[in-house]
Amino acid sequence: MPELPDLQAFSYNLDKKLAGKTVKQAAVINAKKLNVSHQELQDTLEGQKLDKVYREGKELYLKFSKGDVLGLHLMLHGKLFLFEGKNEHKYPIIELHFTDGNGLVLTDFQGIANPTLNPEEKESPDALSQDAGVDYLTQRLQKTKTNIKTVLLDQKIIRGIGNAYADEILWHAGISPFSISNKLPGDKIKDLVKSIHIVLTEAEKAILKSNPDIINGEIRDFMYIHNSKKTHSPKGEEIKVKEGTRKTYYTEEQELYT
DNA sequence: GCCCGTGTTTAGGA
DNA sequence: TTCCTAAACACGGG
């Protein structure tokens with residue numbers, strides 16, 4: 001159940017461990033939504049060198065020497081493991097075997113994590129890109145009167161933010177998650193953009209500091225608001241929870257614009 | 001042993 | 001048209 005900062009940490013470590021290795025075999029075991037046939041994936045990747053691993057939105061991208069890209073979306077429960085020789089991890093989705101005997105496997109007990117060969121370029125900006133700045137969000141927020149948390153979670157508007165970090169970001173920016181998007185004043189949109197960057201990059205640092213080699217799982221214990229173990233914000237305000245399809249954690253410190 | 005939690009897609013209602 | 005809600009996926013971690 002990793003979110004953007006977790007994925008960022010995974011990509012950092014996977015790049016460190018796997019870049020430069022050559023693919024011997026790409027074995028698809030259970031990928032119902034893969035956009036090409038198993039054979040085409042194998043034929044495309046076999047013999048290519050892995051140039052780099054990076055994150056795009058909520059996906060990890062593996063870029064290969066001929067320019068092909070393998071996108072991996074972990075969805076709710078996808079997990080990555082490195083192995084030597086034969087993969088022994090349960091619920092494999094896809095395995096990459098390298099010529100040096102090492103391998104990478106994506107697993108998911110739910111079977112919904114999915115790989116994509118050469119994913120289409122997305123129109124919406126990544127949460128950490130320059131394009132997701134004040135100008136962009138200002139004009140984009142004008143167009144919607146749904147609540148601001150829903151907008152942050154909408155991957156067609158801004159990519160990479162999930163339920164837990166949406167709450168952390170909005171608390172950091174002092175904006176109620178129930179604020180109406182087109183009612184946010186200009187200076188609050190500036191605060192929001194700053195908070196998106198600060199919360200996400202600080203989280204990545206915290207994760208890598210406590211788990212330097214992490215490539216799966218999630219670290220959430222440092223979260224201030226979206227954290228079932230905490231009852232009060234750092235400033236002492238009570239944390240409230242709104243139940244929904246996903247939970248929203250917030251405090252009265254956050255201003256409501258309607 | 002029990003409950004919580006994460007993303008996306010799809011369906012249905014207001 | 002737009003927005004909201006719920007359900008489904010099916011276990012692992014605490």
Side-chain angles (χ1 to χ4, degrees), chain A residues 1-11 29-35 55-61 71-81 88-93 105-116 119-120 122-124 126-127 140-170 176-184 199-200 203-204 207 210-211 214-231 239-250 257-258:
Chain A
M1 334 171 196
E3 288 204 30
L4 185 149
D6 304 288
L7 293 170
Q8 191 79 25
F10 301 168
S11 74
I29 295 113
N30 175 25
K32 305 175 186 81
K33 294 180 66 184
L34 178 59
N35 58 339
R55 182 197 58 79
E56 268 280 320
K58 291 183 185 175
E59 291 179 82
L60 294 178
Y61 278 11
L72 299 177
H73 197 309
L74 275 49
M75 296 295 283
L76 288 173
H77 303 288
K79 276 189 177 179
L80 294 160
F81 298 95
E88 302 285 357
H89 298 280
K90 285 195 293 184
Y91 312 114
I93 301 287
V105 61
L106 169 64
T107 71
D108 184 0
F109 64 77
Q110 233 175 338
I112 55 180
N114 70 294
T116 309
E120 283 178 32
K122 311 290 194 298
E123 286 183 19
S124 56
D126 186 87
R140 204 62 191 72
L141 290 181
Q142 282 305 326
K143 295 186 193 169
T144 176
K145 48 186 180 178
T146 190
N147 69 58
I148 185 65
K149 179 171 179 182
T150 303
V151 171
L152 289 185
L153 293 176
D154 188 341
Q155 305 300 303
K156 291 193 173 65
I157 297 176
I158 183 169
R159 284 181 299 133
I161 299 171
N163 191 48
Y165 280 96
D167 288 351
E168 292 294 299
I169 288 165
L170 287 169
S176 163
F178 312 114
S179 293
I180 306 304
S181 299
N182 62 8
K183 304 288 178 161
L184 279 188
V199 169
L200 296 176
E204 184 200 349
I207 290 165
S210 58
N211 301 71
I214 190 167
I215 60 163
N216 63 44
E218 61 171 7
I219 311 297
R220 308 276 279 272
D221 50 6
F222 57 85
M223 296 183 105
Y224 292 123
I225 304 301
H226 192 97
N227 189 331
S228 56
K229 295 199 171 53
K230 301 212 165 122
T231 59
I239 297 172
K240 300 185 172 176
V241 185
K242 165 142 170 97
E243 305 277 343
T245 337
R246 295 287 181 261
K247 282 183 177 176
T248 294
Y249 293 74
Y250 66 102
Y257 301 93
T258 56

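Because the structure is predicted, anything quoted here is derived from the model rather than measured. In what follows, chains carry the letters A, B, and so on, assigned in the order in which the sequence lines appear, proteins first and then strands, with residues in each chain numbered from 1.
Judged by closest nucleotide on DNA chain C, A:Q110 is the one of A:Q110 and A:K229 placed further toward the 5' end.
Distance CZ (A:F109) to C1' (C:dC9): 9 Å, rounded to an integer number of Å. At whole-Å resolution of the value, NZ in A:K79 and P in C:dG12 are 8 Å apart. Regarding A:H77, its NE2 atom lies at a distance of 15 Å from the C1' atom of C:dG14, rounded to whole Å. Atom-to-atom, CG of A:L153 to P of B:dT8 comes out at 9 Å; the value is rounded to the nearest Å. Distance, A:I112 CD1 to B:dG5 C1': 12 Å, rounded to whole Å. In this structure, the CG atom of A:D108 is 10 Å from the P atom of C:dA10, given to the nearest Å. Regarding A:K32, its NZ atom lies at a distance of 14 Å from the C1' atom of B:dT8, rounded to whole Å. Between A:N227 atom CG and B:dC4 atom P there is a gap of 15 Å when expressed in whole angstrom units.
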Dot-bracket assigned to DNA chain C with the 3.5 Å Watson-Crick/G-U criterion, [ ] for crossing and | for other-strand pairs, is .||||||||.||||

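Remark: A:K90 is in phosphate contact with C:dG12, judged by side-chain N or O atoms under 4.0 Å from OP1 or OP2. Look at A:Y91 and you won't find any side-chain N or O under 4.0 angstrom from OP1 or OP2 of C:dC9.
Atoms OG1 and NE2, on A:T116 and A:H73 in that order, are 9.0 Å from each other to the nearest 0.5 Å.
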Taking N or O atoms only and anything under 3.5 Å, show me the protein contacts with nucleotides 3-5 of chain C, one pair per line.
residue: C:dC3; atom: OP1; partner: A:T144; partner atom: OG1; Å: 3.4
residue: C:dC4; atom: OP1; partner: A:T146; partner atom: OG1; Å: 3.1
residue: C:dC4; atom: OP2; partner: A:T146; partner atom: OG1; Å: 2.2

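Distances from the side chain of A:K33 to the nucleotides B:dT9, C:dC9, B:dC4 place B:dT9 closest.
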